[in-house]
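For the single chain, residues carry numbers from 1 onward in sequence order.
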Amino acid sequence: MADHRQNPTYRAASSERGTSSDRSNSVIQERLRSARRRVIAGHLGISLSVAVFVGLVVATIAIGLRGMFVIEVDDTLWRSGWIIGSLFVAFVAAGIATYLKMPS
């Protein structure tokens, strides 16, 4: 009996199987990367919405406190400072929370 590994058709088929396997591995890896990006985007969306909500509640309370107490700061500066500052802190906090929740 002849060794079937000497057959050129067998060698071509086995080399095709190798490239097919490599191709399927790269497809699987790409799908995993895509799924990971979706999970991270989902975490960012949730963290960002919660952080912005909490930040704007804090800004609203701080702006309301100005009406209760005498604070010698321009009204527009006080309001815009609290709103911009709370949004900045919310974005940073959401980024940090997303980074800490990232799948490894």
Peer 1: Under the 4.5 Å side-chain heavy-atom rule for ILVMFWY, direct or indirect, which residues accompany I28?
Peer 2: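 In the cluster with I28 are L32.
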Peer 1: Which pairs, with at least one residue in residues 85-100 and sequence neighbours excluded, count as a side chain to side chain donor-acceptor pair (under 3.5 Å)?
Peer 2: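 Applying side chain to side chain donor-acceptor pair (under 3.5 Å) to every pair that reaches into residues 85-100, excluding sequence neighbours, yields nothing.
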Peer 1: Using the test salt bridge (Lys or Arg N to Asp or Glu O under 4.0 Å), find all partners of R38 that sit at least two apart in sequence or belong to another chain.
Peer 2: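 None.
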Peer 1: How far does CZ of R79 sit from CG of D75, to the nearest 0.5 angstrom?
Peer 2: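 Here the rounded value is 4.0 Å.
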Peer 1: Name all residues meeting the salt bridge (Lys or Arg N to Asp or Glu O under 4.0 Å) criterion together with R36; count only those two or more places apart in sequence or in a different chain, and write none if there are none.
Peer 2: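 In terms of salt bridge (Lys or Arg N to Asp or Glu O under 4.0 Å), with neighbours along the sequence ignored, R36 is linked to no residue.
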Peer 1: Going hydrophobic residue to hydrophobic residue with side-chain gaps under 4.5 angstrom, can you get from V39 over to L100?
Peer 2: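 No.
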Peer 1: Let me confirm one number: the CH2-CD1 distance from W78 to I63, rounded to the nearest 0.5 Å.
Peer 2: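 Taking CH2 in W78 and CD1 in I63, the distance rounds to 9.0 Å.
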Peer 1: Output side-chain donor-acceptor pairs under 3.5 Å for residues 42-61, partner residues at least two apart or in another chain, one line each.
Peer 2:
{"unit_1": "S47", "atom_1": "OG", "unit_2": "H43", "atom_2": "O", "d": "3.0"}
{"unit_1": "S49", "atom_1": "OG", "unit_2": "G45", "atom_2": "O", "d": "3.2"}
{"unit_1": "S49", "atom_1": "OG", "unit_2": "I46", "atom_2": "O", "d": "2.9"}
{"unit_1": "T60", "atom_1": "OG1", "unit_2": "L56", "atom_2": "O", "d": "2.7"}

Peer 1: So E30 and R23, salt bridge (Lys or Arg N to Asp or Glu O under 4.0 Å) or not? Walk me through it.
Peer 2: CA-CA 11 Å; E30 180 59 34; R23 213 172 309 135; over 6 Å; no
Peer 1: Check whether W82 reaches the backbone of L77 with its side chain - one donor and one acceptor, N or O, closer than 3.5 Å.
Peer 2: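 No, W82 side chain to L77 backbone: no donor-acceptor pair under 3.5 Å.
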Peer 1: R31: which residues meet the salt bridge (Lys or Arg N to Asp or Glu O under 4.0 Å) condition with it, sequence neighbours left out?
Peer 2: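 In terms of salt bridge (Lys or Arg N to Asp or Glu O under 4.0 Å), with neighbours along the sequence ignored, R31 is linked to no residue.
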